[in-house]
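Data block below; observations after.
What you see is a predicted model, and the numbers here were worked out from it, not measured in a lab. Every chain is numbered from 1 and lettered A, B, ... according to where its sequence line falls, protein lines coming before strand lines.
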There are 2 protein chains.
Amino acid sequence: MSKKVIDETHNEENLLCPIRYTIDIVGGKWKLPIICMLASGLPIRYSTIKRKLTGVTNMMLAQSLKELEASGIVHREQYNEVPPRVEYTLTEKGKSILPPLVKLAEWGTDHMQEDKTGATFCATCKSMK
Amino acid sequence: MSKKVIDETHNEENLLCPIRYTIDIVGGKWKLPIICMLASGLPIRYSTIKRKLTGVTNMMLAQSLKELEASGIVHREQYNEVPPRVEYTLTEKGKSILPPLVKLAEWGTDHMQEDKTGATFCATCKSMK
DNA sequence: CAGGATCCTGTTGGATACTG
DNA sequence: CAGTATCCAACAGGATCCTG
């Protein structure tokens, strides 16, 4: 979810565009990998996500998860144990965004190969297909 | 096409992901509106695009068009007349990205209405459906 | 008409340290 | 373990002025 101030003069023209609404939800550096990782449907712990997302900081991961939760894409389940455990899953809304993303992935796969032959693909995204 | 320096440590994990490849192409503030505007298939002049894209500067429009051309999405046809005339059209690759974008738009339309009822939609994007 | 050059600012994302 | 807080660098995008 973009924090940018809505410019009223462009609001109706661009920012309420349903495509941009969708891209805003999955935009940013880490949200797409997170969604891909949760695409299996199984709940995944915070620490597991952090470990598999090479290079992500606690700061960025927590923020991305919070924004995805605010968008209704992921569900956060907190267990009051010691040590604490928090698991994330895709909501129904989150699952429903996968087919459109797969369309994007298919188009990307087709046309990446035209440009740079032999490109390797993100393992998590491949798992969506 | 983003100008950001590619971080080699995340390259294979994220940046060669076909979804991100696709989103990078249509990302940014003006590329989606430009693509929507060209979706009819008719060639459109630079000045016409500029006039219809309220708020865009020459700087941003020229840059967006150049990047879309480099991505193979739009074709630039220059006529050596006085005054100069340049017309833009979607390439075959550009046309082929419309169906995936329509999927995104459909998802966005469905779920925007859950969040904010009565939201108005971008006229150019609606024209794609 | 169709851009380019230069300078500037707000946002995004990262580094590091700390906590319930 | 699962985050926060604070500070900072990089980049996208805009304003203004200039040109073939």
Side-chain angles (χ1 to χ4, degrees), chain A residues 1-10 13-15 20 23-34 43-70 74-89, chain B residues 1-10 13-15 20 23-34 43-70 74-89:
Chain A
M1 194 169 296
S2 137
K3 270 179 287 187
K4 101 184 101 182
V5 179
I6 292 181
D7 180 342
E8 292 298 334
T9 62
H10 303 142
E13 287 293 329
N14 300 324
L15 295 180
R20 196 171 300 274
I23 290 185
D24 273 355
I25 285 179
V26 302
K29 185 163 181 176
W30 303 106
K31 289 179 193 168
L32 221 29
I34 291 171
I44 308 191
R45 299 185 59 156
Y46 180 93
S47 56
T48 305
I49 301 177
K50 177 163 165 48
R51 179 164 33 82
K52 294 198 175 180
L53 243 51
T54 317
V56 74
T57 60
N58 278 323
M59 171 90 172
M60 289 312 296
L61 180 53
Q63 180 181 310
S64 301
L65 284 169
K66 195 180 291 180
E67 287 174 4
L68 284 173
E69 192 190 359
V74 307
H75 170 72
R76 179 181 187 275
E77 189 68 41
Q78 179 171 353
Y79 300 89
N80 291 319
E81 307 170 352
V82 185
R85 176 164 63 104
V86 177
E87 288 183 344
Y88 292 90
T89 48
Chain B
M1 194 167 295
S2 124
K3 272 180 293 186
K4 100 183 102 182
V5 179
I6 292 182
D7 180 342
E8 292 299 334
T9 61
H10 302 143
E13 287 291 330
N14 300 324
L15 295 181
R20 196 171 300 273
I23 290 185
D24 273 355
I25 286 179
V26 302
K29 185 163 180 177
W30 303 106
K31 289 179 194 168
L32 221 30
I34 291 171
I44 308 191
R45 298 186 59 154
Y46 181 91
S47 55
T48 305
I49 301 177
K50 179 162 165 47
R51 180 163 32 84
K52 293 197 176 181
L53 242 51
T54 317
V56 75
T57 61
N58 279 323
M59 169 92 174
M60 290 313 296
L61 180 53
Q63 180 180 312
S64 301
L65 285 168
K66 194 181 290 180
E67 288 174 4
L68 284 172
E69 191 189 1
V74 307
H75 171 71
R76 179 181 188 275
E77 189 69 40
Q78 180 172 351
Y79 301 89
N80 290 319
E81 308 170 350
V82 185
R85 176 163 63 105
V86 177
E87 289 184 344
Y88 292 90
T89 49

Check: According to a strict under-4.0 Å criterion, is B:R45 in side-chain N/O contact with OP1 or OP2 of C:dA2?
Finding: yes
Check: Taking CD from B:Q63 and C1' from D:dA12, how many angstroms apart are they, rounded to a whole number?
Finding: 8 Å
Next item on the list: Could you work out which one of C:dG3, D:dT4, D:dT6 sits closest to the side chain of B:N58?
Entry: C:dG3
Item checked: Audit row: B:W30, B:L65, side chain to side chain contact (heavy atoms under 4.5 Å, CB included) steps and yes/no -> CA-CA 9 Å; B:W30 303 106; B:L65 285 168; over 6 Å; no
Item checked: Partner set under salt bridge (Lys or Arg N to Asp or Glu O under 4.0 Å) for A:R85, not counting sequence neighbours -> A:E81, A:E87
Item checked: Residues that A:V86 engages under side chain to side chain contact (heavy atoms under 4.5 Å, CB included), provided they are two or more places apart -> A:R76, A:Q78, A:Y88
Item checked: Closest nucleotide among C:dG3, D:dG3, C:dT6 to the B:V86 side chain -> C:dG3
Checklist line | Closest nucleotide among D:dA15, C:dA2, D:dG3 to the B:M59 side chain | finding: D:dA15
Item checked: From C:dG14, C:dA2, D:dA2, nucleotide with atom closest to B:S47 side chain -> C:dA2
Checklist line | A:K50 side chain near D:dC1 phosphate (N/O to OP1/OP2, under 4.0 Å) | finding: no
Margin query: Nearest to the side chain of A:T57, heavy atoms from C-beta on, is which of D:dA2, C:dG3, C:dA15?
Written below: C:dA15
Next item on the list: Looking at every strand, decide which applies to B:R76 at a 4.0 Å heavy-atom threshold: base, sugar-phosphate, or nothing.
Entry: sugar-phosphate
Next item on the list: Under 4.0 Å between any heavy atoms, over every strand shown, what does B:Y88 touch: base, sugar-phosphate, or nothing? Just pick one.
Entry: sugar-phosphate
Note to self: Can you give me the bend angle of the helix from C:dC1-D:dG20 to C:dG20-D:dC1? Use the axis through the first five pairs and the one through the last five, nearest 10 degrees.
What the structure shows: 60°
Item checked: Options C:dG14, D:dC1, D:dG14, nucleotide nearest the side-chain atoms of A:W30 -> C:dG14
Note to self: Please confirm whether the shortest side-chain N or O distance from A:K29 to OP1 or OP2 of C:dG14 is below 4.0 Å.
What the structure shows: yes
